[in-house]
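In what follows, chains carry the letters A, B, and so on, assigned in the order in which the sequence lines appear, proteins first and then strands, with residues in each chain numbered from 1. What's counted below: heavy atoms across the whole structure, side chains too, no hydrogens, waters or symmetry copies.
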Amino acid sequence: MTKQETILDKMQKIDRRILYWVLFIGLMIPFVSPLGLPVAVTPSTVDLYKELTKVKTGEVIIINLAFGVSAWSECLPATVASTKLLFKQGAKIIFLGVHYDVDLTWAKIKDQVPAFKTLTYGKNYVYLGFYTGGEATVARLATSIRTVFPTDADKKSLDEIEMMKNVNVAKDIKLVLSSDTGDWCDYYIRQWRVPYGTPVGEIGIAMLGSSYMPHYQAGILFGMTVGVRGGAELEKLIGELGEATVTMDSINISHVMAIVAIGLANLGYAATVKRGGK
Amino acid sequence: MSTLLKREVVYLITGVVAVTMFIDFFFFPKGWDVASTLQTWAMIIGNIALGLGAVRLLLFYGKQVQKRTVGVWHYSVWLIVYFFICLITGLAGYITLGHQDKNPIYYWNFTNVYTPLGQALYAMTGFYIFSAAYRAFRARNIDAALLLIAGCFTLLTNAPIGEVIWVQIPVIGRWFLDIGQVPGMRTFMIAGAFGLLAYGFRALLGKEKGFYAEVGGQ
């Protein structure tokens, strides 16, 4: 005689389609009724913020866009917040990127940072465009930016761009901010931070938090933001709430639902084991 | 191809490049021109690899179409068609307007097809992870139970709602993130670095047969 399935047994075997629908509906809740819970700021984000506020007028910063459009939700908010802050500090920013879709990311950043409308291209910021070649290229950038980028993305010679006139090697750069989904920050640590002492900060997807924590704790990275949460923290610190803060509602709902689902499955599993099942 | 070209020349190039980079790193703090030139070459090779990748992609998917691989070939046709749409519109924009993005067809494709697809794919992983966590996170033994507890605290620490549920959740979660996992990650990194160093020396001394044999096609 076969045993009849109890509710506890069923709790372990919920169809994945039901899970998807429950999550989908759950993620709709913030659209109807935003939660708006406060976000506590972590020390790594505070350190990143503090270092960026130390940048003085006229100092040149590199922002390395090492994420594609698929990671906009995780990396873009913190990159946008950092750009806003750096422009407020009067920094001059060099943007460059390693994804073939970097032009889209660049367009999105320009769209989200109002300061671009008042600042002058070539004087306050420059966009060099896409580069490839991995760590060797990052090493070459440290010794000669002009070898990698003789021109900007619009084919204008770097020598004709005002803010680039005395900028060509690592020592001309105040700090590097790498916004990553992969290991490009490692390249900047190895090729800029270690040999030339250029401070490097990281804006990473959530997964990279654990990878870069040892670097941050050792003082190799001056600070880092982790995932959407890091973006929301930075938005809070600069006092301009944006996309990441809104997204935190979805993070709250999805994380709690994941915990509930895991809890249900384990409750069912524990009951089965207690009855002598496997 | 003779053995000389297959193996000896590869040995020589690898050795010369490795020694040059060592000398540059340890003896030329401001950079050595020879090493810089090699880095430039590596960069150029990296760019050539992009073109090579495109050719390989077309060859691979072209074969799928040619063989009419069941359930795959029609997607391959679509990929090839789209590849050429992007290539032609991009080149047209570059040649006539100075930049590929200035061609409205190319730009429309990227902003209205590529971007939403990319973001949708990334977002879908959230659903898979949710389902996978439900299936995999079972406290079957003490190790799994510990992993489960750490995972739950980390999840709730990352979400501000964790603090609302219990004020100590972020404190415990941060311990896992800032202290608990760091020794393990450091061990991985240091062991990986030593492994890479050993591999580099073996490759340099010609003892890493896998690397050379692959290059030599043996």
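- Atom NZ of A/Lys155 sits about 4.5 Å away from atom OH of B/Tyr94, to the nearest 0.5 Å.
- Closest heavy-atom contact between A/Ile262 and B/Ala133: CG1-O, 3.8 Å.
- Interface remark: B/Phe176 contributes no atoms to any contact with chain A (heavy atom separation under 4.5 Å).
- Interface check for chain A: of the options B/Thr111, B/Ile45, B/Leu148, the most heavy-atom pairs under 4.5 Å are formed by B/Leu148.
- When heavy atoms are compared at a cutoff of 4.5 Å, A/Ile14 approaches chain B by way of both its backbone and its side chain.
- Atoms CD1 and CD1, from A/Ile259 and B/Ile165 in turn, are 8.0 Å apart once rounded to the nearest 0.5 Å.
- Listed here is the closest heavy atom pair of A/Pro38 and B/Pro160: O-CB, 3.4 Å.
- Using a 4.5 Å heavy-atom threshold, the side chains of B/Val182 and A/Gln217 count as touching.
- Here the CD1 atom belonging to B/Ile161 is positioned 12.0 Å from the CD1 atom belonging to A/Ile251, to the nearest 0.5 angstrom.
- Of the atoms belonging to A/Leu19, heavy atoms from both backbone and side chain fall under 4.5 Å from chain B.
- No more than 12 heavy-atom neighbours from other residues, nucleotides or ligands sit within 6.0 angstrom of CD1 on B/Ile142.
- Of the residues listed (A/Val256, A/Leu35, A/Leu37), the one engaging B/Val164 in a side-chain contact (heavy atoms from CB on, under 4.5 Å) is A/Leu37, and it is the only one.
- Looking at B/Phe28 and A/Thr143, their side chains never come closer than 4.5 Å, going by heavy atoms from C-beta outward.
- Considering every non-hydrogen atom in both B/Met43 and A/Val148, the closest pair reads SD-CG2, 3.5 Å.
- Heavy atoms of B/Tyr107 lying under 4.5 Å from chain A belong exclusively to its side chain.
- With contacts defined as side-chain heavy-atom distances shorter than 4.5 Å, the pair B/Gln181/A/Met213 qualifies.
- B/Arg140 touches chain A through backbone and side chain together, each having a heavy atom under 4.5 Å away.
- Residue B/Phe188 qualifies as open at atom CZ: its count of foreign heavy atoms under 6.0 Å is 12 or below.
- Taking chain B as the reference chain and counting heavy-atom pairs below 4.5 Å, the highest number among A/Leu27, A/Leu104, A/Thr147 is found for A/Leu104.
- A/Arg140 CZ to B/Thr40 OG1: the interatomic distance, rounded to the nearest 0.5 Å, is 3.5 Å.
- Proximity of a side-chain donor or acceptor of A/Arg229 to a complementary backbone N or O of B/Thr157 within less than 3.5 Å is detected.
- Residues A/Lys108 and B/Thr115 fail the side-chain proximity criterion, which asks for heavy atoms closer than 4.5 Å.
- Between the side chain of B/Tyr134 and the main chain of A/Lys13, a donor-acceptor pair closer than 3.5 Å is present.
- Comparing A/Ala270, A/Ala136, A/Ala265 by how many heavy-atom pairs each has under 4.5 Å with chain B, the most go to A/Ala265.
- Within a 6.0 Å sphere centred on CD1 of B/Ile105, heavy atoms belonging to other residues, nucleotides or ligands number 12 at most.
- Judged by distance alone, the side chain of A/Asp101 and the main-chain N or O of B/Phe110 form no donor-acceptor pair under 3.5 Å.
- Proximity of B/Phe127 to A/Phe24: side-chain heavy atoms (C-beta onward) are separated by under 4.5 Å at one or more points.
- Only the side chain of A/Phe130 comes within less than 4.5 Å of a heavy atom in chain B; its backbone stays farther off.
- Only the side chain of A/Ile205 comes within less than 4.5 Å of a heavy atom of chain B; its backbone N, CA, C and O stay farther away.
- Minimum interatomic distance between B/Asn158 and A/Met248 (heavy atoms only, all atoms of both residues): O-CE, 3.7 Å.
- Among A/Ala261, A/Pro195, A/Ser210, A/Ala139, the residue with the largest count of heavy-atom pairs under 4.5 Å with chain B is A/Ser210.
- Counting heavy atoms of neighbouring residues, nucleotides and ligands inside a 6.0 Å radius, atom OH of A/Tyr100 does not exceed 12 of them.
- For the pair B/Asn47 (side chain) and A/Gly133 (backbone), a donor-acceptor distance under 3.5 Å is absent.
- Across B/Ser131 and A/Tyr20, no two heavy atoms sit closer than the pair CB-CE2, 3.7 Å.
- When heavy atoms are compared at a cutoff of 4.5 Å, A/Ala107 approaches chain B solely by way of its side chain, counted from C-beta outward.
- For the atom pair CD1 (B/Ile44) and OG1 (A/Thr132), the distance works out to 12.5 Å, reported to the nearest 0.5 Å.
- In this structure, CD on B/Gln39 lies 6.5 Å from CD on A/Gln191, to the nearest 0.5 angstrom.
- Not a single donor-acceptor pair under 3.5 Å links the side chain of B/Gln119 to the backbone N or O of A/Trp72.
- Remark: side-chain polar atoms of B/Tyr114 are not paired, donor with acceptor, to backbone N or O of A/Val69 under 3.5 angstrom.
- Proximity to chain A (any heavy atom under 4.5 Å) is shown, for B/Met21, by neither the backbone nor the side chain.
- Nearest heavy atom pair, residue B/Arg186 against residue A/Pro214, reads CG-CB, 3.7 Å.
- At a 4.5 Å heavy-atom cutoff, the contact between A/Thr42 and chain B is made by side-chain atoms alone.
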Please evaluate residues A/Trp106 and B/Asp101 with respect to the criterion side chain to side chain contact (heavy atoms under 4.5 Å, CB included), reporting the C-alpha separation (whole Å), side-chain torsions for both, the decisive distance (0.1 Å), and the verdict.
CA-CA 12 Å; A/Trp106 167 238; B/Asp101 282 356; over 6 Å; no

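- Residue contact with chain A, scored on non-hydrogen atoms closer than 4.5 Å, is absent for B/Leu121.
- With contacts defined as side-chain heavy-atom distances shorter than 4.5 Å, the pair B/Arg138/A/Val273 does not qualify.
- Counting heavy atoms from C-beta on, the side chains of A/Asp154 and B/Lys102 come closer than 4.5 Å.
- There is no contact between B/Leu117 and chain A, counting heavy-atom distances below 4.5 Å.
- Counting heavy-atom pairs closer than 4.5 Å to chain A, the top residue among B/Ala139, B/Ala136, B/Ala42, B/Gly184 is B/Ala139.
- Contacts of A/Glu74 with chain B are made by side-chain atoms alone, with heavy-atom separations under 4.5 Å and no backbone atom involved.
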